[in-house]
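Numbers for residues simply follow the sequence, beginning at 1.
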Amino acid sequence: MEFIEVKEELNALKNRMSALEQEQHKIDIQLVSIKSDLFYLRAGQDNLNSNLSKFLWIIGGGLLASIVSWVLKGGLI
């Protein structure tokens, strides 16, 4: 290889390296965005789970109260 060919190949490698660094930077920005979105999704899911748990306790308590009321009124006899 001559000096000019080596120089051209080196310039091509520099250009490729620059393009790869720019692409890596874009990927890093997207990763930060995805992590941020994931945090908010998890917080929302935890809130939903908490509310669903409360709702199920209310439904279960109401069902239990209706059964006890039915038994006290003589429904079991």
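- Contact annotation: the side chain of E2 never approaches that of V6 to less than 4.5 Å [non-hydrogen atoms, C-beta and beyond].
- Here the CG-CG distance, from D46 to N51, works out to 11.0 Å after rounding to the nearest 0.5 Å.
- Residue L52 holds its CG atom at 11.0 Å from CG of N47, rounded to the nearest 0.5 Å.
- Between E21 and M17 there is a side-chain heavy-atom pair separated by less than 4.5 Å.
- With rounding to the nearest 0.5 angstrom, the CD atom of E9 is 5.5 Å from the CG atom of L13.
- Counting heavy atoms of neighbouring residues, nucleotides and ligands inside a 6.0 Å radius, atom CG of L10 exceeds 12 of them.
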Table please: side-chain donor-acceptor pairs of residues 56-67 below 3.5 Å, with sequence neighbours left out.
{"from": "S66", "atom 1": "OG", "to": "G62", "atom 2": "O", "distance (Å)": "3.4"}
{"from": "S66", "atom 1": "OG", "to": "L63", "atom 2": "O", "distance (Å)": "2.7"}

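- Atom-to-atom distance recorded for I29:CD1 and I34:CD1 is 12.0 Å, nearest 0.5 angstrom.
- Residue pairs meeting the side-chain hydrogen bond (donor to acceptor under 3.5 Å, both in side chains) criterion with at least one partner in residues 32-45, sequence neighbours excluded, do not occur; the list is empty.
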